[in-house]
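Numbers here simply count residues along the sequence, with the first being 1. If you're wondering where the values come from, they're calculated on a predicted model, not measured in any experiment. As a basis for the values below, the full set of heavy atoms in this structure was taken, side chains included, without hydrogen atoms, waters or symmetry mates.
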Amino acid sequence: MKGKFVSHERLLVFINKVLLNSGVRRDVAEHVAKGLVQASLRGVDSHGIRLFPHYMASVKAGRINPDPAYKFERTSASTGKFDADHTFGHAAGIESARKAMELAKEAGTGSVAVFNSTHFGAAAYFTLEIAKHGMIGLSFTHADSLMKTYAGKRAFLGTNPISFAAPVEGEEPFCLDMATTFYNFNKIKQLRERKHSAPAGVGADTEGNETTDAEKISMLLPIGGYKGYGLSLMVEVLCGILTGMPYGPNISSMFKAPLSQKRFLGHFICAMRIDCFQEEKAFKRRMAALLDDLRNEPPMEKGAPVQVAGDPEKKNAAVRGEEGIPMSAQEAEAFKGLSAEYGVEFI
């Protein structure tokens, strides 16, 4: 089967139906489908629809709970704890973002520690949801040991992403969504599938030596040396220590551990009411001015304008919204298999 372009609307319907046919509860299925398609629509392919077959295998094997019994405990005026009951992290994250916004409406800010969860995909899914409700959103999660420890020979911490989003007048929210490594490991897997080399400074082999051979990369390098390493540790405190979940090398591997094994991941999600600090409309106008001023800065190279975080994703969403989301031959074949297994037509 050749690669193809598929509209995000069709993918949303297909993923949702497959999830429902596999026994995933309706509200959970909706969150997962939206999260995966949004990531691919914005060009974040490493965390988008390509992961869907892996998630389905995880449901089938018992790692992911399709019908969770959520438990939320409000621990103060502005804080709470959310037991995800080992369901999809996409669903746990959105439900927790909603709880954080409810807390913020009363207290000005809301922070929710999520535990007993699984991989939650792109961190932007949750911060964008908060920003679209007129608040500032932050989200964090930890991951299995893939980052080479600064000055060390082995991996200890994960890629541990950070996302921040804020509403802007006249355009989609500003959104920073970054791992604390140059690449995430799903990106390395994509390079392997395409027989491409990795850029310099991205990964290291089993001995800790830097390499551009994607097949030899077993560890990822932190952004900014010790600074990225420090940021990853900060996220580990929020998502591992504060939530009571395993940390660093104690977290089971997403791809190497048996799919029957629970992962016990933690997330941390915050919402802040803008009007507790500044009139919301004024904030949005000033955000628009800030971003435009940055974009109008003189570029180093003609034809390569200055951008701000989220600009490439906004452009991708516009293009892919018209042309469809690209799927490699391997991805299309995997979706064809799900189509046959769960009786849902895939075009």
Side-chain angles (χ1 to χ4, degrees), residues 1-68 84-95 117-122 124-126 128-129 132 186-187 189-190 192-195 254-255 258-260 313-347:
M1 178 181 270
K2 295 181 179 179
K4 52 167 58 179
F5 287 81
V6 183
S7 74
H8 66 280
E9 294 96 344
R10 286 182 176 178
L11 284 167
L12 195 64
V13 170
F14 176 79
I15 292 172
N16 195 63
K17 285 184 176 179
V18 169
L19 287 164
L20 291 174
N21 285 3
S22 71
V24 175
R25 200 171 69 214
R26 187 169 297 277
D27 61 302
V28 175
E30 181 181 344
H31 296 325
V32 176
K34 286 182 178 179
L36 289 174
V37 172
Q38 182 193 81
S40 289
L41 191 63
R42 299 177 74 241
V44 189
D45 294 316
S46 59
H47 284 60
I49 61 170
R50 75 183 309 273
L51 290 177
F52 185 49
H54 172 79
Y55 291 142
M56 292 307 302
S58 297
V59 171
K60 197 172 182 179
R63 172 183 288 178
I64 297 178
N65 182 0
D67 185 22
D85 195 23
H86 304 287
T87 197
F88 287 90
H90 309 71
I94 284 292
E95 295 294 344
S117 191
T118 64
H119 189 255
F120 78 178
Y125 183 35
F126 317 105
L128 284 170
E129 179 70 15
K132 287 173 182 176
N186 286 322
K187 185 69 174 179
K189 289 170 70 70
Q190 283 182 294
R192 290 174 179 174
E193 290 167 6
R194 296 168 184 172
K195 308 298 182 185
M254 179 173 178
F255 294 108
L259 292 181
S260 58
E313 288 83 358
K314 290 176 182 178
K315 291 175 182 176
N316 277 325
V319 172
R320 292 184 174 192
E322 292 292 327
E323 298 179 356
I325 292 172
M327 298 185 72
S328 68
Q330 184 175 351
E331 290 162 357
E333 192 64 38
F335 270 60
K336 184 180 177 183
L338 292 175
S339 172
E341 184 174 359
Y342 293 100
V344 181
E345 184 180 4
F346 177 64
I347 299 174

- Query: Counting only heavy atoms not in Arg10, do more than 12 fall under 6.0 Å of its CZ?
  - Reply: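 Atom CZ in Arg10 is not crowded, with 12 or fewer foreign heavy atoms closer than 6.0 Å.
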Looking at side-chain heavy atoms only, is the closest gap between [X] and [Y] below 4.5 Å?
X: Ile94; Y: Phe126; result: yes
X: Glu9; Y: Leu12; result: no
X: Met327; Y: Leu11; result: yes
X: Ile64; Y: Val59; result: yes
X: Arg50; Y: Gln190; result: yes
X: Arg63; Y: His54; result: yes
X: Met254; Y: Leu51; result: yes

- Message: Please report the interatomic distance CG(Leu19) to CZ(Arg26), rounded to the nearest 0.5 Å.
- Response: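 Reported value, rounded in 0.5 Å steps: 11.0 Å.
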- Message: What's the separation between atom NZ in Lys189 and atom CZ in Arg194, rounded to the nearest 0.5 Å?
- Response: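 Here the interatomic distance stands at 13.0 Å.
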Is the side chain of [X] donor-acceptor paired with the backbone N or O of [Y] at a distance under 3.5 Å, no angle test?
X: Arg320; Y: Pro326; result: no
X: Ser40; Y: Ile49; result: yes
X: Asn65; Y: Asp85; result: yes
X: Thr118; Y: Thr87; result: yes

- Can you list the residues that meet the ring-ring contact (aromatic ring centres under 6.0 Å, His included) rule with His86, with sequence neighbours excluded?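 So His86 forms a ring-ring contact (aromatic ring centres under 6.0 Å, His included) with Phe264.
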- Where Ser117 and Ala92 come nearest, the two heavy atoms and their spacing: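 In this case the closest contact between Ser117 and Ala92 is OG-CB, 3.8 Å.
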- Using 30° and 60° as the class limits, which term best fits the ring planes of Phe335 and Phe52: parallel, tilted or perpendicular?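 Aromatic pair Phe335/Phe52 classed tilted.
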- Query: Taking the six-membered ring for Trp, are Tyr55 and His90 ring centroids under 6.0 Å apart?
  - Reply: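 Close enough - the centres of the two rings lie under 6.0 Å apart.
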Could you list the donor-acceptor pairs under 3.5 angstrom formed between side-chain atoms of residues 28-39 and any protein atom two or more places apart in sequence or on another chain?
| unit_1 | atom_1 | unit_2 | atom_2 | d |
| --- | --- | --- | --- | --- |
| Glu30 | OE2 | Lys34 | NZ | 3.0 |
| His31 | NE2 | Glu95 | OE2 | 3.1 |

Let me check something: any side-chain donor-acceptor pairs from residues 337-347 under 3.5 Å, sequence neighbours excluded? List them with distances.
| unit_1 | atom_1 | unit_2 | atom_2 | d |
| --- | --- | --- | --- | --- |
| Ser339 | OG | Val344 | O | 2.5 |
| Glu341 | OE2 | Lys60 | NZ | 2.6 |

